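Worksheet for the structure shown next.
Quick caveat: nothing in here was measured; it's all calculated off a predicted structure. The analysis underlying the following values was restricted to heavy atoms, covering all of them including side chains, and did not include hydrogens, waters or symmetry mates. In what follows, residues are counted from 1 in the order of the sequence shown.
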Amino acid sequence: QAGNSDIIKASMDIRKLYELNPKVKFASFPLKGHKDIRLHSSVNSLTDLYIETIRKHDFQYTTMICHTNKQCGEFNRVIRNALEKPPDKPGEGDVLMITQNNLLSGLVNGDFVQIIKVKEKHYYCGLDFISLKVEELNFKKKYDILLVENLLFSNFVNISQLEHRKLLIDFVNRMKKEGIRPKSPAFSQFMRNDQYLNAHKAKFGYAVTCHKCQ
């Protein structure tokens with residue numbers, strides 16, 4: 001933000017309220033009358049402006065911030081529908097936010113990527129995996145990644161313990177067939193490079209939580 005931004009001024013006023021804790025019957029944030037803050041009378045009005053901004057300027061000038069993962073899921077569905085994206089699968093042009101550091105690609109938690117090409121999809125160990133070519137939005141570097149597709153359409157940011165256990169058991173069985181034992185250096189090396197154990201985790205990036213937005 002610019003040093004004279006009214007957003008900064010408003011944030012400091014809110015901080016003062018927290019410190020002073022004034023006794024009022026109906027609490028409100030001191031946000032009216034700021035040149036850099038626009039208040040909307042409805043969620044629909046805010047959403048419509050956000051979609052219009054995306055259409056005009058792509059994703060470089062705006063971010064929708066929500067309170068919960070569930071809210072993000074709902075807004076992502078609404079926004080993707082308005083942008084005519086496929087409702088049940090990722091499509092070219094979709095924006096994703098990486099939700100877990102990935103050793104194979106170097107993409108980290110919080111990175112935004114845009115899908116350039118959707119490749120093949122397959123089912124493995126109870127999960128849907130999809131191969132994508134993506135471009136990281138900040139540095140424009142391109143990556144070929146394998147993604148756990150199920151997470152895109154759920155309210156969770158990671159697979160369950162049971163799903164992870166299935167992948168781990170499958171990996172151990174594959175290593176056993178190759179004569180590679182657990183706790184061996186080779187086992188650890190293959191684990192770090194296994195495409196399924198290290199498949200990318202991401203959510204649609206049109207709406208993100210305040211935690212992830214940091």
Side-chain angles (χ1 to χ4, degrees), residues 47 50-51 54 58-83 85-168 170-171 191-214:
T47 307
Y50 182 60
I51 293 169
I54 289 176
D58 208 1
F59 305 95
Q60 302 301 319
Y61 296 93
T62 183
T63 301
M64 177 172 279
I65 304 173
C66 301
H67 182 56
T68 64
N69 288 320
K70 184 178 180 181
Q71 283 180 337
C72 287
E74 292 170 354
F75 277 110
N76 277 317
R77 280 190 288 274
V78 170
I79 294 165
R80 292 188 73 250
N81 181 62
L83 296 174
K85 301 295 183 182
D88 56 351
K89 61 183 179 181
E92 293 181 8
D94 261 325
V95 169
L96 309 178
M97 183 188 64
I98 303 298
T99 58
Q100 190 176 59
N101 295 352
N102 191 277
L103 295 174
L104 297 183
S105 67
L107 289 168
V108 298
N109 186 7
D111 279 346
F112 284 87
V113 300
Q114 190 164 22
I115 298 176
I116 299 174
K117 185 176 181 180
V118 178
K119 301 179 182 178
E120 67 275 5
K121 172 181 174 179
H122 63 279
Y123 184 80
Y124 190 77
C125 280
L127 292 168
D128 292 313
F129 293 88
I130 188 165
S131 297
L132 304 170
K133 189 175 190 67
V134 300
E135 181 180 72
E136 197 271 330
L137 288 182
N138 280 330
F139 300 103
K140 304 302 181 182
K141 186 176 179 181
K142 295 178 175 60
Y143 300 85
D144 290 300
I145 67 172
L146 184 68
L147 184 79
V148 182
E149 187 184 32
N150 310 69
L151 293 175
L152 289 176
F153 300 96
S154 77
N155 291 325
F156 302 102
V157 295
N158 208 341
I159 60 177
S160 68
Q161 288 185 347
L162 179 60
E163 289 166 333
H164 181 72
R165 190 178 298 122
K166 286 181 179 179
L167 287 175
L168 193 57
D170 171 75
F171 174 76
M191 179 179 281
R192 285 193 293 270
N193 292 290
D194 187 75
Q195 63 171 341
Y196 295 112
L197 288 178
N198 297 285
H200 288 70
K201 316 293 195 313
K203 303 293 289 184
F204 288 113
Y206 302 98
V208 299
T209 62
C210 49
H211 175 70
K212 287 293 184 184
C213 192
Q214 296 178 72

**Message:** Determine whether a donor-acceptor pair (N or O, by modelled atom type, separation under 3.5 Å) exists between the side chain of Asp111 and the backbone of Val108.
**Reply:** yes

**Message:** Looking at every non-hydrogen atom in both residues, tell me the closest pair between Gly205 and Phe112 and how far apart they are.
**Reply:** O-CE2, 3.6 Å

**Asked** Does atom NE2 of His122 have more than 12 heavy-atom neighbours, drawn from other residues, nucleotides or ligands, at distances under 6.0 Å?
**Response** yes

**Spatial distance of atom CD (Glu136) from atom OG (Ser105) [nearest 0.5 Å]** = 10.5 Å

**Message:** Measuring only between side-chain heavy atoms, which start at C-beta, is Arg165 closer than 4.5 Å to Leu168?
**Reply:** no

**Request:** Would you sort out whether Asp128 and Lys89 count as a side-chain contact (heavy atoms from CB on, under 4.5 Å), showing the intermediate values?
**Result:** CA-CA 11 Å; Asp128 292 313; Lys89 61 183 179 181; over 6 Å; no

**Message:** side-chain contact (heavy atoms from CB on, under 4.5 Å) for Leu152 and Ile130? Distances and angles first, verdict last.
**Reply:** CA-CA 11 Å; Leu152 289 176; Ile130 188 165; 5.7 Å; no

**Request:** Hey, could you give me the CD/NZ distance between Glu135 and Lys117, rounded to the nearest 0.5 Å?
**Result:** 15.5 Å

Could you pull out every donor-acceptor pair under 3.5 Å between side chains of residues 62-69 and any protein atom, sequence neighbours left out?
from: Thr68; atom 1: OG1; to: Gln71; atom 2: N; distance (Å): 3.1

**Prompt:** Restricting to pairs with a member in residues 92-101, which pass side chain to side chain donor-acceptor pair (under 3.5 Å), not counting sequence neighbours?
**Reply:** Arg80-Asp94, Asp94-Tyr206, Gln100-Lys201

**Asked** Under the ring pair (Phe, Tyr, Trp, His ring centres under 6.0 Å) test, which residues partner Phe204, sequence neighbours left out?
**Response** Phe153

**Request:** Could you tell me if the ring centre of Tyr196 sits under 6.0 Å from that of Phe171?
**Result:** no

**Request:** Would you please test Leu96 and His200 for side-chain contact (heavy atoms from CB on, under 4.5 Å) and show each step?
**Result:** CA-CA 11 Å; Leu96 309 178; His200 288 70; over 6 Å; no

**Message:** With heavy-atom distances below 4.5 Å as the criterion, would you say the side chains of Pro87 and Arg77 are in contact?
**Reply:** no

**Prompt:** Can you find a pair of side-chain heavy atoms, one from Val134 and one from Leu147, that are under 4.5 Å apart?
**Reply:** no

**Prompt:** Do Lys85 and Val95 come close enough that some side-chain heavy atom pair is under 4.5 Å?
**Reply:** no

**Item:** Short side-chain to backbone donor-acceptor contact, Lys212 and Ile98, under 3.5 Å
**Value:** no

**Closest non-hydrogen atom pair between Ala207 and Asn76, with its separation** = N-OD1, 3.0 Å

**Asked** Measuring from Leu132:CG to Gln114:CD, what's the distance to the nearest 0.5 Å?
**Response** 12.5 Å

**Asked** Is the count of non-hydrogen atoms from other residues, nucleotides or ligands lying under 6.0 Å from Tyr124 atom OH greater than 12?
**Response** yes

**Request:** To the nearest 0.5 angstrom, please state how far the OG atom of Ser131 sits from the CD atom of Glu149.
**Result:** 11.0 Å

**Item:** Heavy-atom side-chain contact between Val157 and Leu151 under 4.5 Å
**Value:** no

**Short side-chain to backbone donor-acceptor contact, Asn102 and Asn198, under 3.5 Å** = yes

**Request:** Measure the CZ-NZ distance between Phe75 and Lys70 for me, rounded to the nearest 0.5 Å.
**Result:** 13.0 Å

**Considering all heavy atoms, the nearest Pro90-Val118 contact** = O-CG2, 3.7 Å

**Asked** Rounded to the nearest 0.5 Å, how far does CG of Asn109 lie from CE of Met97?
**Response** 7.0 Å

**Request:** Run the numbers on Leu167 and Ile159 for side-chain contact (heavy atoms from CB on, under 4.5 Å), then give the verdict.
**Result:** CA-CA 10 Å; Leu167 287 175; Ile159 60 177; 3.9 Å; yes

